[in-house]
Amino acid sequence: MSSLEELQRRTEAFLATVPARAGASPLAAAAAPAGGRGRRFSTFVPDQMERAVELATAFMRLATATGGEAGLERVLDEAQGVAATEDADLVRYALMVFITHHPEGRRLPIPSLTVRSPELVQPSPGASAAARAVAAPPARARPARAPRGRAAEGGDPETRLAWFREDPYANEHHQHWHVVYPFVGVPDVRGTNPPQVRDRQGELFFYMHRQMLARYDAERLAAGLPRVEPFSDYRAEIRQGYDSGLPGYSPRPPGTHLGDIKDYTVHEHERRRDRLLDAVSLGRFEPLEGRLGPVTPDSLGATEEASIASASGPSPYGYYGSHHNYGHVLLARAHDPVGDTDDGVMIDTATAIRDPIFWRWHKHIDDVLFRWQELQPPHNLSDAPPVIIRKDGRGAAARNQSPDIILCFQDAIAGAGTPDFDGEAFGRATFGGDHWDSEFFAGGVATGELHTVMIPAELDGKPSQYLDQKAFSYFIRVANPLTVPQDVTVRIFLAPEAVAGDRRMWIEMDKFRRALPASERGVIFREAALSSVIRKPASKPPGPPHPPTTDPNDQENFCNCGWPFNLLVPRGRREGMRFLLLVMFTDWEKDRVDFSTCGSMSFCGAKDRYPDRRPMGYPFDRPIRIGQTIRAQANIAVRPIVIREVDRT
Ligand SMILES: [Cu+2]
């Protein structure tokens with residue numbers, strides 16, 4: 001029998017797509033995709049996903065029935081056997097679902113996308129040109145060259161954000177999220193019961209993608225581009241083209257239109273969109289096969305995607321169809337609806353977000369939820385915990401400049417980052433006690449700015465670049481006026497100041513629990529690296545986003561999907577860009593969901609239940625007058641900050 005290490009190596013080799021395609025691996029060479037229509041596995045096509053999860057279910061059954069390493073060996077044997085006759089990418093996906101969701105399977109690694117499929121993370125030709133400009137010496141030395149990533153400005157302005165859309169970790173995040181939350185359901189661990197969607201999966205589908213959009217829009221504003229336009233008119237010309245340059249994916253030239261594909265028409269797609277919008281207006285779905293339910297964010301997300309929890313099932317031909325998924329399919333084939341060329345990158349969760357049309361499509365999807373939310377009453381925020389966070393600094397000009405939201409760069413704090421550093425003690429000594437009434441907006445140990453940096457890199461020999469930020473921490477002063485301790489949830493959000501009145505622009509930065517001692521003026525210390533939205537353990541390029549683990553109790557593949565650490569802070573501008581940082585306290589007793597592992601997650605939930613009872617995006621998930629709410633609520637405070645892109649030091 002193979003050792004665990006051997007099984008892990010075998011898994012890595014099997015999940016790697018490059019050796020298989022080059023015929024170098026003995027594992028799946030026979031099934032290497034030949035390219036062309038119908039050969040490529042799509043994570044958006046229900047039939048193919050059903051087959052993948054059926055396979056994953058079989059893996060579950062084998063692993064559970066046999067147990068231990070022998071079980072894992074049987075799974076790998078089976079995967080290899082099936083890959084000899086079926087699409088190897090489909091089998092790889094099935095194996096990743098198994099590894100992610102089976103307690104024994106989690107002992108096997110899922111190498112990062114960059115390692116598994118380096119051919120899928122190569123920068124596009126446009127991105128490479130922009131990256132070359134960044135890596136180039138200062139403009140003085142090279143007068144002919146446009147400085148700082150603006151090389152492509154004369155051409156396609158969308159390439160200004162290629163670094164974001166093509167970030168390998170962002171793409172991996174998107175792929176991994178869809179492995180953790182397959183729309184055809186998660187297979188049963190024993191492989192006996194039918195697959196099931198996870199707790200609040202439909203709601204999280206909307207929320208995770210809305211958060212990606214908020215971040216993308218913040219980047220667009222920083223880059224001087226207009227915000228994302230929803231792709232809502234399926235007859236409209238798609239003026240923007242996209243050429244990924246990736247092998248096996250067709251470019252979409254500028255000026256294409258959606259066209260009818262085999263077995264599915266644009267008209268059918270329009271009807272499904274209209275039915276979804278009707279359900280939103282009515283507040284309920286049509287009664288279908290006995291399933292009659294109210295429209296909620298969860299049921300709407302399930303029906304929109306469409307998952308097996310959809311009001312009419314996951315089939316594109318059902319009453320509500322598979323609106324989101326088939327939008328991906330239609331867009332992936334817009335260049336050649338009935339021909340047999342390769343699909344575009346929209347066909348695959350590992351590559352879709354590279355294409356500007358992904359964001360336009362998802363803005364349209366998000367509008368469906370937004371429309372429903374706008375029909376709901378605003379939140380009653382009267383269940384706020386009795387805490388005191390000051391709203392204004394001193395002087396008339398300091399309105400909405402909470403002196404209690406303090407930022408520090410890690411390198412400004414002596415000893416920070418070392419194992420014995422006690423951030424709480426540092427916070428109390430520096431910002432609490434006698435210093436309680438002092439202001440720490442900027443200067444000294446505190447900063448009024450966050451700094452980002454673009455780092456030149458190379459992917460597969462091609463110049464590229466990635467964003468990173470300077471390490472920082474939050475110190476939040478809060479008083480507990482009660483004579484008893486209270487537990488609170490601290491929620492931190494960020495939005496570009498210019499669009500802060502738009503509730504969809506608030507980026508979730510963190511969410512965590514804190515115990516406030518009785519009658520205390522306390523200082524909460526929180527390292528940004530612990531953010532609940534980023535994948536843990538927090539790791540930045542060039543390291544893998546997810547170091548492999550061999551700990552049998554480790555839940556990482558399952559729990560720790562999340563946004564890439566290097567993209568935590570939006571890029572901002574070289575001249576500085578104003579944002580608002582908002583802190584909200586809610587009552588932990590009202591928010592809490594008992595869960596055992598994984599800690600506080602924002603994008604992936606915990607083992608069984610999503611770890612926050614509030615609607616996702618709370619309080620921005622309902623109509624809200626943001627300025628008024630901030631003034632009226634004692635549990636919310638805000639301050640302006642500047643995000644500045646600086647040179648690498
Ligand atoms: Cu997605």
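For ligands, and for the atoms within them, numbers begin at 1 and follow the listed sequence.
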Within His324, is some N, O or S atom less than 2.8 Å away from the Cu ion (ligand 1)?
no

Please determine if the Cu ion (ligand 1) has an N/O/S atom from His178 lying under 2.8 Å away.
yes

In His209, what N, O or S atom is nearest to the Cu ion (ligand 1), if we give its atom name?
NE2

Within 45° cone of Tyr326 ring axis and under 6.0 Å: Arg272 NZ or CZ
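Because its charged atom misses either the 6.0 Å distance or the 45° angle limit, Arg272 does not stack over Tyr326.
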
Can Arg220 be said to sit on top of Trp359's aromatic six-ring, NZ or CZ under 6.0 Å from centre and within 45° of the ring axis?
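Not flagged: Arg220 not positioned over aromatic ring of Trp359.
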
Can you label the angle between the Phe493 ring and the Phe620 ring as parallel, tilted or perpendicular, going by 30° and 60°?
perpendicular

Would His209 and Trp177 count as a ring pair (Phe, Tyr, Trp, His ring centres under 6.0 Å) if you check the C-alpha gap in whole Å, the side-chain angles of each, and the deciding distance to 0.1 Å?
CA-CA 10 Å; His209 290 93; Trp177 190 92; 5.7 Å; yes

